[in-house]
Participant: 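Attaching a single structure in structure tokens format; questions to follow.
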Amino acid sequence: MQLDQLGNFTRSHRNGALRMDHVGQTVCLLGWCKRSRDMGSLVFLDLRDRWGVVQIQANETEIAPDLLARLKSVRSEFVLGVEGVVVEREAKNPNLPTGDVEVKLTGLKIFNTAATPPIPVDDMAESGADAGEDLRLKYRFLDLRRPSLQRSMMLRSEVSYLVRDHFRTHDFIEIETPILTKSTPEGARDYLVPSRVHPGEFFALPQSPQLFKQLLQVSGFERYIQICRCFRDEDLRADRQPEFTQVDVEMSFVREEDVQAIIEPLMVQLAGLVGQQVATPFQRLPYRDAMEWYGSDKPDVRCPVKIQDLTALFAASDFNLFRAAAESQGQRRVRALCFAGEQAGAMSRKQLEELQEVAKHLGAGGLPYAKWGKDGLSSSFKKFITPELEAALKAKLDGASAGLIVFAVGTDAQTSKVLGELRLRLARAFGQLDETRFAFLWVVDFPLLEWSEEHARFVACHHPFTSPHPEDLDLLETNPGACRAVAYDLVLNGYEVGGGSIRIHDAETQSRMFRTLGIGEAEARSKFGFLLDALTFGAPPMGGLALGLDRLVMLLVGETSIREVIAFPKTAQARCLMTDAPSEVDPRQLKELHIASTAGAPAQAYRAGVMFFESVPAELQAPFRALQTLSHGVKPHSTSTLTLDGELVRVETSNLGGPSFEFE
RNA sequence: GGGGUUGUAGCUCAGUCGGUUAGAGUGCCAGCCUGUCACGCUGGAAGUCGCGGGUUCGAGCCCCGUCAACCCCGCCA
């Protein structure tokens with residue numbers, strides 16, 4: 001097809017803007033063909049641009065035959081320039097903002113054709129049948145044409161502008177910090193960048209500009225903000241990508257409340273973008289209470305039901321499992337969720353079994369429950385429920401005649417994990433989670449440190465520059481696990497959307513902190529020498545926080561995956577399906593960077609004989625299965641490739657003449 | 001690192017107990033249609049049942065392996 005040049009064709013109006021006021025005007029429009037409807041001698045075409053859709057119309061009796069033919073040759077997603085006259089429609093469409101008018105075609109330019117899209121470019125309003133996400137990501141440039149994603153990206157842009165406006169009016173300045181920086185030993189895995197000019201040395205991409213923003217306070221900027229990209233080489237989730245955007249904030253001469261007071265009105269404005277009213281000040285919830293009541297450090301408080309401690313009710317029970325907890329002096333507790341209502345009481349055996357599977361998956365042994373429904377009490381431990389106990393339990397249902405109590409027994413960490421998850425699931429199932437509103441809160445007084453079994457030492461909960469709570473300072477040496485931090489998370493609807501702290505601003509406390517973390521003098525010098533130096537040159541009291549922009553926008557648009565608000569996201573395996581990154585590079589590039597890859601190294605060779613076992617011990621099952629595989633159609637002396645213990649290996653088999661074998 | 005779900009036409013999916021030529025909707029192509037707007041009507045093309053093995057007279061369906069996407073646990077200062 002002969003394509004037209006853009007030439008001096010100039011847009012006079014945006015497609016979504018045309019109204020009755022424009023009737024009679026000659027307009028020049030640009031855009032993509034959303035869909036055409038050919039009725040023979042009457043043709044309609046929907047022209048889409050970023051601002052909307054307008055109907056183009058051509059009638060056989062009013063138009064040159066070659067122009068009509070040209071219009072009929074247009075297919076979906078062709079790129080067009082349309083000249084025409086705005087007229088009032090004969091049949092109006094109330095579902096379209098431009099539905100009162102249409103444009104009578106007088107000239108048509110076809111700037112480009114388009115192959116049939118491999119994914120629907122329209123939002124399937126009623127069927128809801130989107131293309132699979134892998135296809136959407138492969139053809140992301142088409143996916144992003146869909147109105148819903150266009151709206152999400154536009155809202156994201158609005159959020160960014162609003163954030164910058166907000167901080168600008170509060171005298172913050174935006175400062176860019178390095179993308180190529182120093183690898184930090186604590187925390188998440190770094191993405192590394194080899195240095196060509198320094199053989200064997202590496203930059204790291206920032207997990208966050210944490211130290212730079214603190215140094216900017218030492219420099220005296222007092223109020224810093226940056227919307228910046230951060231990188232973490234950890235496994236992904238629906239709300240976690242390897243690169244993500246953070247609204248990074250740091251202030252001098254502030255207390256915790258000062259930081260929060262800057263953030264809250266911003267959140268009010270952002271929620272307002274999607275018509276949500278939220279009141280300030282936000283609720284403050286100590287970490288300890290969050291874990292006790294909600295089993296989570298990022299509770300969704302839109303459900304009022306809290307976890308309750310029912311240990312005492314079982315002190316004299318015959319139910320050994322629960323009584324043992326009551327006798328453990330707080331080591332183990334019986335905690336429970338009490339959902340009142342007919343829906344809760346009508347939970348079927350099958351549903352409870354599904355719930356039990358969830359609980360087991362989270363580490364519970366089972367899911368004890370007691371339920372009051374149409375048939376009265378039913379319970380997994382009914383024979384231990386005396387009338388007195390039943391009365392005591394039922395009293396937890398706030399006087400309702402029907403309801404469900406699910407129990408978890410164990411350490412606080414165990415029971416919190418199980419009940420925290422079940423609380424959300426049950427609340428949704430019973431309609432006791434109001435998903436129409438936004439619930440912000442601050443979780444405060446986080447612990448400073450937690451014991452790491454893996455590292456056999458204390459590690460920082462937030463980061464090693466977080467200020468210990470002034471009242472707990474001396475616990476650093478005596479009982480580090482009990483020391484609170486001046487750290488706070490901003491939580492929205494069960495998601496952590498921000499986190500921050502007051503920082504350590506004196507070298508002495510910072511050194512004590514490093515000592516507690518088991519970071520020696522020399523190591524601290526080599527890794528954080530620049531910070532320790534800076535703290536000796538007049539560092540002001542400081543604090544700040546960082547907001548997860550992707551998560552925030554995700555919640556604003558009502559999505560459950562941050563991929564829906566990132567233009568070009570990566571898959572759960574941290575791959576870009578569109579560009580196919582990451583990919584192999586030319587060996588010359590590696591050589592220049594002084595890098596050698598150990599991936600794809602030659603497979604190890606194994607020698608295997610034939611073994612016979614009456615019963616196969618567990619530790620031999622994998623090699624035994626390998627031998628079984630080999631025994632099918634493999635000659636006594638042969639080489640074959642198979643999977644052994646999850647690794648692809650080349651296996652040489654030879655008949656060794658006896659029950660002997662060698663495996664490494 | 002571990003667990004789970006999914007993979008069939010361009011797209012979204014169905015496919016019974018393992019049994020004849022693998023279906024539907026949509027999209028695409030062609031024809032008809034003067035008020036459509038998820039246009040309608042008629043016809044047509046369209047398949048490596050993710051990939052590789054195995055069992056079987058016979059596999060989309062059963063078994064083993066593998067790849068990919070998604071969800072979760074670990075991990076994410």
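Sequence lines set the chain letters: A, B, ... in the order given, protein chains first and strands last, and positions in each chain run from 1. These numbers were taken from a predicted model, which means no experiment stands behind them.
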Participant: Could you tell me whether the side chain of A:Gln55 has a donor or acceptor atom within less than 3.5 Å of a complementary atom in the base of B:rU36?
Facilitator: yes

Participant: Answer yes if the side chains of A:Glu559 and A:Ser152 hold a donor-acceptor pair under 3.5 Å, and no otherwise.
Facilitator: no

Participant: Is it true that a side-chain atom of A:Arg457 and a backbone atom of A:Leu517 form a donor plus acceptor pair closer than 3.5 Å?
Facilitator: yes

Participant: May I ask you to say what A:Ser41 touches in the nucleic acid, namely base, sugar-phosphate or nothing, with a heavy-atom cut-off under 4.0 Å?
Facilitator: base

Participant: Just checking A:Glu133: base, sugar-phosphate only, or nothing, at a heavy-atom cut-off of under 4.0 Å?
Facilitator: sugar-phosphate

Participant: In whole angstrom, give me the gap between the C1' atoms of B:rU12 and B:rA59.
Facilitator: 25 Å

Participant: Using a heavy-atom cut-off of under 4.0 Å over every strand shown, decide if A:Glu60 touches base, sugar-phosphate, or nothing.
Facilitator: nothing

Participant: Work out how far the P atom of B:rG65 is from that of B:rG3, and round it to whole angstrom.
Facilitator: 11 Å

Participant: Taking the C1' atom of each, how far is B:rC72 from B:rU66, in whole Å?
Facilitator: 23 Å

Participant: A:Thr61 near the nucleic acid: base, sugar-phosphate alone, or nothing, with a heavy-atom cut-off under 4.0 Å?
Facilitator: base

Participant: If you look at every strand shown and take non-hydrogen atoms under 4.0 Å, does A:Arg563 touch a base, only sugar-phosphate, or nothing?
Facilitator: sugar-phosphate

Participant: What's the gap between B:rA30 and B:rA69 when it is taken at their P atoms, as a whole Å value?
Facilitator: 37 Å

Participant: A:Asn95 near the nucleic acid: base, sugar-phosphate alone, or nothing, with a heavy-atom cut-off under 4.0 Å?
Facilitator: nothing

Participant: Could you give the distance separating B:rU6 and B:rU42 at their C1' atoms, to the nearest angstrom?
Facilitator: 37 Å

Participant: Locate the shortest heavy-atom distance separating A:Ala131 from A:Pro120; write the atom from each residue and the value.
Facilitator: CB-CD, 3.9 Å

Participant: Suppose we call a contact any N or O donor and acceptor under 3.5 Å apart; does that hold for the side chain of A:Arg240 and the base of B:rC76?
Facilitator: yes

Participant: On a whole-Å scale, what distance lies between the P atoms belonging to B:rU5 and B:rG10?
Facilitator: 27 Å

Participant: Hey, is the side chain of A:Asp235 pairing donor to acceptor with the base of B:rG74 inside 3.5 Å?
Facilitator: yes

Participant: Can you say whether a donor on the side chain of A:Arg35 sits under 3.5 Å from an acceptor on the base of B:rG27, or the other way round?
Facilitator: no

Participant: Give one of base, sugar-phosphate or nothing for A:Glu102, where a contact means two heavy atoms less than 4.0 Å apart.
Facilitator: base

Participant: Hey, what's the ring geometry for A:Phe528 with A:Phe514, parallel, tilted or perpendicular (30° and 60° as the breaks)?
Facilitator: parallel

Participant: Looking at A:Gln241 and A:Ile566, what are the two nearest heavy atoms and their distance?
Facilitator: CG-CD1, 3.8 Å

Participant: On a whole-Å scale, what distance lies between the P atoms belonging to B:rU56 and B:rC61?
Facilitator: 16 Å

Participant: For A:Leu135, answer base if it contacts any base atom (sugar-phosphate contacts may also be present), sugar-phosphate if it contacts only those atoms, and nothing otherwise; contact means non-hydrogen atoms under 4.0 Å.
Facilitator: sugar-phosphate

Participant: Please classify the nucleic acid contact of A:Pro464 as base, sugar-phosphate, or nothing, using heavy-atom distances under 4.0 Å.
Facilitator: base

Participant: Please work out if A:Lys92 contacts a base, only the sugar-phosphate, or nothing of the nucleic acid, heavy-atom cut-off 4.0 Å.
Facilitator: base

Participant: Measure the distance from CD on A:Glu88 to P on B:rG35 and round it to the nearest whole Å.
Facilitator: 18 Å

Participant: Is a donor-acceptor pair below 3.5 Å formed from side chain A:Arg89 to base B:rC37, judging by atom type as modelled?
Facilitator: yes

Participant: Classify the side chain of A:Arg237 and the base of B:rC70 as holding, or not holding, a donor-acceptor pair under 3.5 Å.
Facilitator: no

Participant: Using 30° and 60° as the class boundaries, would you call the ring planes of A:Phe465 and A:His463 parallel, tilted or perpendicular?
Facilitator: tilted

